[in-house]
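A short write-up of the structure that comes next.
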Protein chains: 2
Amino acid sequence: MPDSRKRLLFEKQARIAQAIGHPLRLEIIDFLKNGEQCVCDIAEHIGAERSNVSRHLGLMVSAGVLEHRKEGLKVIYRLKCPCILDFFTCISSVLKKEAKESSRLLKVLC
Amino acid sequence: MPDSRKRLLFEKQARIAQAIGHPLRLEIIDFLKNGEQCVCDIAEHIGAERSNVSRHLGLMVSAGVLEHRKEGLKVIYRLKCPCILDFFTCISSVLKKEAKESSRLLKVLC
DNA sequence: TTACTATATGATTATATACTCACATAGTAT
DNA sequence: ATACTATGTGAGTATATAATCATATAGTAA
């Protein structure tokens, strides 16, 4: 793979990682794992302003993480690919590794 | 799980996702998958300023993605957990999904 | 000691992101 | 038509991030 193409790929990948790299957005993704939801229900669930939630949703759509459809007045968002949930598994491995280290350190100190 | 604890978890997870959400940092992680490297070799490989690379590395260490050790003058960085590489698999799934859609759209247009 | 190398970091600037408020739009209901 | 609701977006502000340059530190070698 040529260098310029590789760089473009890293940029695309970074965009996706960035799109999920925010606590509210992760909470939204976690909420949507059980099925599609409209903006106002998402906003209520995570306890944030609708306009703010709307922006976060737009960002995730443009990053290719979510997709949406209209239903009357409401706009319904859903995960574009359930594979995005693998992120949680992957992140958990990193956090577990960290937690193990902390507990090991704690044992040495006590 | 109580709400405050859940929020804290999302923040920790977001920090990790953010730590890999940058093209240069992804390139560094990709470079380190084959083994540990010192700062200057990393900087040369990705073609960026050492001071800049040093900051990116520090950021990833504090997010728990990398760890480092000293060896003489050099500081050697490595992946703290190879599981971070699963991110690439996960991201690829999202990108593939997107690519499939684009090609389907293209077929309709031509 | 001095000279050199690798790395980290303070200070600065530029840019990006997050959030809020106010308003516009679109659909629904009366 | 008016009134209402859900959503999106412009404008502004605050904060975070990225990059660069200059400098400091730490180890090496002469």
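In what follows, chains are A, B, ... by sequence order, proteins preceding strands, each numbered from 1.
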Open item on the list: It should be assessed whether the SG atoms of B:C83 and B:C81 lie less than 2.5 angstrom apart.
Closed with: yes

Minimal non-hydrogen separation, [X] against [Y], with atom names:
X: B:I16; Y: B:A63; value: CG1-O, 3.7 Å
X: B:E67; Y: B:L79; value: OE2-O, 4.3 Å
X: A:G64; Y: A:K80; value: O-CD, 3.4 Å

- [ ] Nearest-nucleotide wise, let me know which of A:L24 and B:S51 is further upstream toward the 5' end of DNA chain C.
- [x] B:S51

Between [N] ([atom2]) and [X] ([atom1]): distance, integer Å:
X: B:E71; N: D:dG27; atom1: CD; atom2: C1'; result: 13 Å
X: A:R25; N: C:dC19; atom1: CZ; atom2: P; result: 8 Å
X: B:E49; N: D:dC21; atom1: CD; atom2: C1'; result: 8 Å
X: A:K74; N: C:dG27; atom1: NZ; atom2: C1'; result: 13 Å
X: B:H45; N: C:dA6; atom1: NE2; atom2: P; result: 18 Å
X: B:K70; N: C:dA8; atom1: NZ; atom2: C1'; result: 10 Å
X: B:I76; N: D:dA26; atom1: CD1; atom2: C1'; result: 15 Å

Task: Parallel, tilted or perpendicular: rings of A:F10 and B:F88 (30°, 60°) - done: perpendicular

Task: Stepwise salt bridge (Lys or Arg N to Asp or Glu O under 4.0 Å) check, A:R69 with A:E71 - done: CA-CA 7 Å; A:R69 63 184 177 84; A:E71 194 176 289; 2.7 Å; yes

Among [options], which is the nearest nucleotide to the side chain of [X]?
X: A:H56; options: D:dA19, C:dC19, D:dA18; value: C:dC19
X: A:Y77; options: D:dG8, C:dT7, D:dC21; value: D:dG8
X: B:R50; options: D:dA19, D:dA18, C:dT7; value: C:dT7
X: A:L73; options: C:dA18, C:dT28, D:dG8; value: C:dT28

- [ ] Please list residues of residues 27-41 of chain B whose heavy atoms come under 4.0 Å from any atom in DNA chain C, ordered by number; otherwise none.
- [x] B:C38, B:V39, B:C40

Task: DNA chain C-proximal residues of residues 8-22 of chain A, any heavy atom under 4.0 Å - done: A:Q18, A:H22

Task: Residues which pass side chain to side chain donor-acceptor pair (under 3.5 Å) with A:R50, listed by chain and number, not counting sequence neighbours - done: none

Open item on the list: Can you confirm whether A:E101 is buried at CD, in the sense that more than 12 heavy atoms of other residues, nucleotides or ligands lie under 6.0 Å from that atom?
Closed with: yes

Open item on the list: For a quick check, tell me whether the side chain of A:R55 and the base of C:dT20 share a donor-acceptor pair closer than 3.5 Å.
Closed with: yes

Task: Distance test, side-chain N/O of B:N52 to OP1/OP2 of D:dA19, below 4.0 Å - done: yes

TODO: Inspect the contact between A:E27 and B:K6 and indicate whether a charged nitrogen and a carboxylate oxygen are less than 4.0 angstrom apart.
DONE: no

